[in-house]
Amino acid sequence: MRLTAEHQEIILAHYRAPHHSGLREPYDAEVQRFNPTCGDELTLRVRRKGEGEQAAIEDVSYQVQGCSISQASVSVMADLVIGRTAREAEELHTEIAALLRERAPESGAWPSHLGDAAAFRDVSHHPARIKCALLCWAALRQALS
Amino acid sequence: MRLTAEHQEIILAHYRAPHHSGLREPYDAEVQRFNPTCGDELTLRVRRKGEGEQAAIEDVSYQVQGCSISQASVSVMADLVIGRTAREAEELHTEIAALLRERAPESGAWPSHLGDAAAFRDVSHHPARIKCALLCWAALRQALS
Amino acid sequence: MSAMARTLDPRQIRADFPILHRTVGGGERLVYLDSGATSQKPVQVLDAERTFAETSNAAVHRGAHQLAEEATEAYEQARGQIAAFIGVHPAEVVFTKNATEGINLVAYAMSNAATSGDAAARFRLDPGDEIVVTEMEHHANLVPWQELCRRTGATLRWLGVTDEGRLDLSRLDEVITPRTRLVAFAHQSNVLGTINPVPPIVARAAEVGALTLLDACQSVPHAEVDFHAHGVDFAVFSGHKMLGPSGVGVLYGRRELLEVMPPFLTGGSMIEVVTMTESTFAAPPQRFEAGVPMVSQAVGLAAAVRYLTSVGMERITAHERLLTEAALGTLSAIDGVRILGPTTTADRGSAVSFVVDGVHPHDVSQVLDAHGVAVRVGHHCAWPLHRRLGVPASVRASFYLYNELADIEPLAAGILEAQALFGATAPGPERSGGTVACA
Amino acid sequence: MSAMARTLDPRQIRADFPILHRTVGGGERLVYLDSGATSQKPVQVLDAERTFAETSNAAVHRGAHQLAEEATEAYEQARGQIAAFIGVHPAEVVFTKNATEGINLVAYAMSNAATSGDAAARFRLDPGDEIVVTEMEHHANLVPWQELCRRTGATLRWLGVTDEGRLDLSRLDEVITPRTRLVAFAHQSNVLGTINPVPPIVARAAEVGALTLLDACQSVPHAEVDFHAHGVDFAVFSGHKMLGPSGVGVLYGRRELLEVMPPFLTGGSMIEVVTMTESTFAAPPQRFEAGVPMVSQAVGLAAAVRYLTSVGMERITAHERLLTEAALGTLSAIDGVRILGPTTTADRGSAVSFVVDGVHPHDVSQVLDAHGVAVRVGHHCAWPLHRRLGVPASVRASFYLYNELADIEPLAAGILEAQALFGATAPGPERSGGTVACA
Ligand SMILES: Cc1ncc(COP(=O)(O)O)c(C=O)c1O
Ligand SMILES: Cc1ncc(COP(=O)(O)O)c(C=O)c1O
Ligand code: FES
Ligand code: FES
């Protein structure tokens with residue numbers, strides 16, 4: 001896999017100093033997920049207020065055993081979703097998953113509301129690593145459902 | 001499969017007017033055998049005098065559902081083995097099987113003591129039809145054992 | 001549209017098939033009438049495989065390096081193209097080594113359901129439960145069900161065949177009952193050419209809550225087939241009968257069913273978590289693809305699908321109908337030739353099986369082979385059907401897009417020659433239907 | 001002899017492998033160090049397959065025409081050549097789609113023995129009976145036995161692995177007992193490279209009357225192996241790891257055992273007589289080859305065997321030993337790199353797995369891939385072994401006859417770069433053994 005220098009930098013920054021990492025209490029849901037391709041795993045906790053689509057995500061905490069992509073991805077995700085509603089998180093998931101699976105390297109930069117997730121654009125050529133990037137999103141969906 | 005004209009003639013002669021055909025009584029052993037490639041079958045009866053290798057083959061009678069090769073082969077076999085010992089029949093079987101499986105088309109004519117079996121020489125290029133030619137010999141071995 | 005308008009020119013097609021330009025025997029033109037057994041492959045398919053081997057070969061779904069990613073991409077793209085060809089979702093396409101494995105996969109998954117918990121209840125078979133097949137099945141769609149019944153104590157039942165070589169649907173409701181757990185049947189007979197009506201069988205199965213499995217080995221290569229439209233639960237076909245490589249086949253399974261179906265072959269690439277004492281399994285289709293798969297063959301099969309699509313399935317069907325009509329006409333006109341199965345092209349594919357009174361099928365084929373005409377003889381892996389029709393074996397000529405009307409003449413000539421050489425006209429014992437009783 | 005005298009020149013070998021001349025990424029030379037997953041194929045193999053497809057392609061064991069006979073001949077000749085390569089009789093060679101199928105075949109035959117009469121008693125498993133494997137097995141030689149135990153109520157036991165990555169034989173007599181029905185073990189570990197000692201295991205199995213199955217996936221491609229000399233009952237390997245095509249593997253079975261072993265996949269070409277209610281089965285090896293087989297792949301595998309033989313297996317082994325020695329030396333010298341398994345070439349093949357402290361294996365491979373170096377990362381389908389060694393995953397470099405000493409330098413350089421980029425030297429949380437605890 002090849003990352004452009006700029007994206008590599010962003011990913012390394014999250015990897016070296018992950019945001020919101022650790023498992024915190026209290027929490028409303030905890031999910032453990034394996035990445036079947038590599039056997040890595042993620043434990044994700046969510047604290048939320050309210051129910052259903054409108055639930056507000058108050059905290060996301062996690063412990064991850066995985067590659068730099070998976071670690072950076074959960075760090076970026078925590079940045080993006082804390083303070084948002086479950087519905088907004090779901091929309092972000094859908095949007096990022098679609099962009100990752102699109103495989104159109106030419107299709108310019110990712111929209112700015114995706115924040116540092118834009119750095120994962122290069123991953124979209126690499127099916128195995130897409131799972132690394134989406135592991136945390138899948139866990140979040142499960143934790144919110 | 002291609003037969004030389006001379007061999008084709010011999011096979012056709014046996015096919016059209018098979019020797020020793022029919023199922024006769026009395027008999028000491030009866031064997032039914034399938035040719036798994038085609039599903040054809042042969043019923044073979046043997047009348048013998050004595051036991052073991054020295055048993056004398058007094059009669060071979062049969063009923064066959066099969067192609068011209070299998071029909072001609074059992075007719076030729078009956079000609080060859082009636083009046084011989086079990087051991088001689090076994091030797092003929094071994095010799096013919098070896099010649100058929102040798103697949104050396106260049107290797108001249110078959111020895112004269114094999115009689116009309118020589119016509120099966122061309123079959124040796126054709127694995128599926130070798131089974132047709134050997135069906136009766138396998139049945140005879142079983143009947144004598 | 002334009003594809004439908006133009007009829008197919010077999011000479012143009014034949015240019016793509018190197019093997020059709022070889023001669024056989026003493027220099028005879030090869031007349032290949034055995035596509036029902038296996039088809040020949042165009043350069044486009046051979047090139048696709050070769051290019052893959054020379055540029056992107058790697059183990060799929062296992063590596064993170066560029067080659068492995070390219071190989072995985074090629075493999076999954078192949079799955080997608082094949083899925084589109086048969087109107088289903090890629091996750092519903094399981095690659096197998098041949099159709100036979102696909103049928104065995106479902107049969108073994110059903111016996112494995114006994115020890116696979118409640119999620120797999122749908123597949124469980126108890127003594128007294130019934131599996132239904134038909135009397136015209138290929139052994140591949142019969143023996144696995146016999147064995148499943150032997151393993152589970154279930155009972156095998158079957159729909160009969162009429163003298164005309166059609167499925168006898170008059171007893172449909174008697175044979176398929178609330179005890180029926182699965183109905184497995186051929187879309188198109190590999191012997192008779194008969195195309196079986198899918199809707200009434202699927203409807204009756206649905207009524208009693210039985211699963212359905214369509215053996216599409218002889219339909220998918222020759223006509224447009226949409227498994228979703230047919231509403232079957234499972235279907236199988238083989239790559240080698242549709243211009244693809246040997247060593248690859250497809251099991252289609254309805255998504256909701258594959259989701260809960262227990263695995264069959266186990267090992268690498270189909271697991272989720274493995275410990276020494278137990279394992280959990282991946283989602284379909286991976287759950288059913290243990291070990292390093294036949295990647296280059298899947299890539300080749302996708303190329304075959306693209307080739308067939310570019311020619312146009314409707315044109316292929318129409319071209320085969322033309323050939324079948326001509327063959328049925330020519331062969332029926334020969335005294336002593338008896339066609340097995342439908343004698344018109346209505347609901348009928350292009351396999352034309354027949355017997356020549358008084359001449360064993362293998363003797364017919366020997367004469368044909370000497371003239372370069374390749375047909376299949378025997379029971380064509382449908383022994384019970386031959387028994388039902390009262391013949392031990394038959395000769396089968398089967399056509400495909402590369403055959404031409406000119407292929408039929410040497411077939412007819414060979415039959416006449418075989419009759420002259422071996423026929424009832426010759427002196428010798430009574431002969432009938434290829435059977436010779438020497439008593 | 002002369003083959004042994006000359007050492008192997010990988011540059012000359014590489015000329016036969018088209019894929020090794022491609023570049024990857026931004027024009028880097030491809031350094032293929034993933035032959036343990038799948039090998040690349042020489043033109044000789046690709047040409048053999050192509051020639052078969054263009055001249056003799058037909059369904060084997062089913063037709064009587066010239067093409068079918070040529071195809072059958074090619075298929076059986078391939079079987080013969082492969083049999084000779086592994087020192088066994090052709091009737092002891094069963095073609096499967098991969099090694100995984102071969103292992104499943106034996107496992108399912110054993111559960112089928114329950115309903116297969118007295119002749120199959122040798123294969124029957126009752127609750128309380130035991131199957132023995134090892135802790136270093138590939139999932140392919142573990143999960144099928146777990147599943148067999150689940151189906152039959154038998155118990156799975158295993159031989160452990162020492163810290164040095166050797167089989168712990170100290171408890172051999174405790175683990176293999178009179179209750180043991182089968183011992184399945186790897187000849188050579190796909191992770192550690194460890195070559196396991198066959199004689200003591202086979203001897204102990206014989207003592208208690210257990211069957212043996214050797215997973216020879218990683219030995220047959222790399223060294224001369226004679227299954228008769230080893231005295232194992234069964235063995236499996238895959239074509240794609242030994243220069244052959246994907247989609248073909250081999251199950252070796254001792255003749256007397258195959259004779260009485262119940263079938264696994266059922267369908268065409270493996271039967272003797274079929275009626276609607278029951279079927280009988282052909283003699284081996286046909287009994288175990290249901291359906292149209294992977295003919296062109298078998299032909300390709302035979303070409304691979306001829307290629308390997310012409311190079312000389314002893315030369316290949318010696319060449320790999322050279323590479324392994326160099327790799328072990330170079331990698332051990334890097335601070336923070338820990339080799340899994342034996343660190344000398346004694347009883348060791350050429351798979352070299354390692355972890356880089358503080359860097360996840362996938363991050364190592366990402367850097368290597370960017371430099372054109374293709375390695376495998378993950379648990380390599382040997383998850384329990386990784387757990388035993390206390391690492392979730394590892395990086396594996398594996399060598400074959402086309403690798404050169406020059407391939408090791410970019411491997412080492414990439415590891416150093418990965419350490420610089422992701423390593424423990426960088427700020428961030430504590431990291432060890434590729435595991436990152438973010439708390
Ligand atoms: C030791 C070992 N056993 C079994 C297998 C399974 O082989 P395949 O995936 O070709 O069936 C492999 C390779 O993947 C292996 O290395
Ligand atoms: C109707 C039908 N079903 C099943 C099969 C089995 O296909 P395969 O041998 O490719 O598994 C065939 C062809 O041999 C067939 O014609
Ligand atoms: S490699 Fe395991 S999460 Fe990325
Ligand atoms: S074809 Fe059946 S015996 Fe010759």
Side-chain angles (χ1 to χ4, degrees), chain C residues 18-19 22 24-25 34 37-38 40-41 46 50 53-55 57-59 62-67 97-98 100-101 104 115 138-140 143-144 146-147 150-151 158 238 240 246-247 265-268 271 274-276 278-279 290-292 294-297 362 365 369 374 376-377 381 383-384, chain D residues 18-19 22 24-25 34 37-38 40-41 46 50 53-55 57-59 62-67 97-98 100-101 104 115 138-140 143-144 146-147 150-151 158 238 240 246-247 265-268 271 274-276 278-279 290-292 294-297 362 365 369 374 376-377 381 383-384:
Chain C
I19 201 171
R22 73 166 273 184
V24 287
D34 197 17
T38 202
Q40 298 303 340
K41 292 113 194 46
L46 302 176
R50 179 104 188 193
E54 293 192 347
T55 57
N57 178 64
R62 292 197 180 181
H65 54 78
Q66 184 179 337
L67 243 50
K97 68 174 177 178
N98 54 22
T100 302
E101 185 197 340
N104 277 273
T115 49
H138 188 281
H139 295 162
V143 187
Q146 291 177 344
E147 292 294 297
R150 221 155 53 79
R151 289 196 298 273
W158 57 89
S238 279
H240 67 86
S246 64
L265 300 178
T266 57
I271 56 92
V274 176
T275 69
M276 283 310 288
E278 62 182 339
S279 305
V292 170
M294 54 300 285
V295 190
S296 83
Q297 291 78 27
H362 272 74
S365 92
D369 185 44
R376 172 124 188 245
V377 287
C381 300
W383 206 335
Chain D
I19 200 171
R22 73 165 273 185
V24 287
D34 197 17
T38 203
Q40 298 303 341
K41 294 113 193 46
L46 302 177
R50 179 101 187 198
E54 294 192 347
T55 58
N57 176 64
R62 291 196 179 182
H65 53 79
Q66 185 179 337
L67 243 50
K97 68 175 176 177
N98 54 23
T100 303
E101 185 197 340
N104 278 273
T115 48
H138 187 282
H139 295 163
V143 188
Q146 292 178 343
E147 292 293 297
R150 222 157 50 78
R151 289 195 298 273
W158 58 90
S238 278
H240 67 87
S246 63
L265 299 179
T266 57
I271 57 92
V274 176
T275 69
M276 283 311 288
E278 63 182 339
S279 304
V292 170
M294 53 300 284
V295 191
S296 83
Q297 291 79 25
H362 272 74
S365 94
D369 185 44
R376 173 123 188 244
V377 287
C381 301
W383 206 334

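In what follows, every chain begins at residue 1, and chains take the letters A, B, ... in the order their sequences are listed.
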Review point. Is there side-chain contact between Ile19(D) and Leu67(C), with heavy atoms separated by less than 4.5 Å?
Key: yes

Review point. Are any non-hydrogen side-chain atoms of Cys381(D) and Arg376(D) less than 4.5 angstrom apart?
Key: yes

Check your understanding: So, does Gln66(C) use its side chain to make a donor-acceptor pair with the main chain of Ala374(D) at under 3.5 Å?
Key -> no

Check your understanding: Quick one: does His139(C)'s side chain have a donor or acceptor within less than 3.5 Å of a partner on Trp383(C)'s backbone?
Key -> yes

Review point. For Arg151(D), which residues count as a salt bridge (Lys or Arg N to Asp or Glu O under 4.0 Å) partner, sequence neighbours excluded?
Key: none

Review point. Which answer fits Asn57(C), side chain, backbone, both or neither, if we ask what part of it has an atom under 4.5 Å from a heavy atom of chain D?
Key: both

Study note, to complete from the structure: Under 4.5 Å to a heavy atom of chain D? For Gln40(C) that would be both

Under 4.5 Å from any heavy atom of chain C, what part of [X] do you find: side chain, backbone, both or neither?
X	value
Arg150(D)	both
Glu278(D)	backbone
Asp34(D)	side chain
Ser238(D)	neither
Leu265(D)	both
Leu46(D)	both
Glu54(D)	both

Looking at [options], which makes the most heavy-atom pairs under 4.5 Å with chain D?
options	result
Thr266(C), Thr100(C), Thr38(C)	Thr266(C)
Ile271(C), Val295(C), Val274(C)	Val274(C)
Met294(C), Arg50(C), Glu101(C)	Arg50(C)

Review point. Quick one: of Met276(D), Lys97(D), Arg22(D), who has the most non-hydrogen atom pairs under 4.5 Å with chain C?
Key: Met276(D)

Practice item. Find the one option among Val24(D), Thr55(D), Asn98(D), Asn104(D) whose heavy-atom pairs under 4.5 Å with chain C are most numerous. Key: Asn104(D)

Practice item. Of all the heavy-atom pairs spanning His240(D) and Ala37(D), show the shortest one and how long it is. Key: CE1-O, 3.2 Å

**Study point:** Non-hydrogen atoms of Ala64(D) and Val377(C) that approach each other most closely
**Key:** CB-CG2, 4.1 Å

Point to revise | Polar side chain donor-acceptor pair, Gln146(D) to Ser279(C), under 3.5 angstrom | key: yes

Review point. Residues in side chain to side chain donor-acceptor pair (under 3.5 Å) with Ser246(C), at least two apart?
Key: Gln297(D)

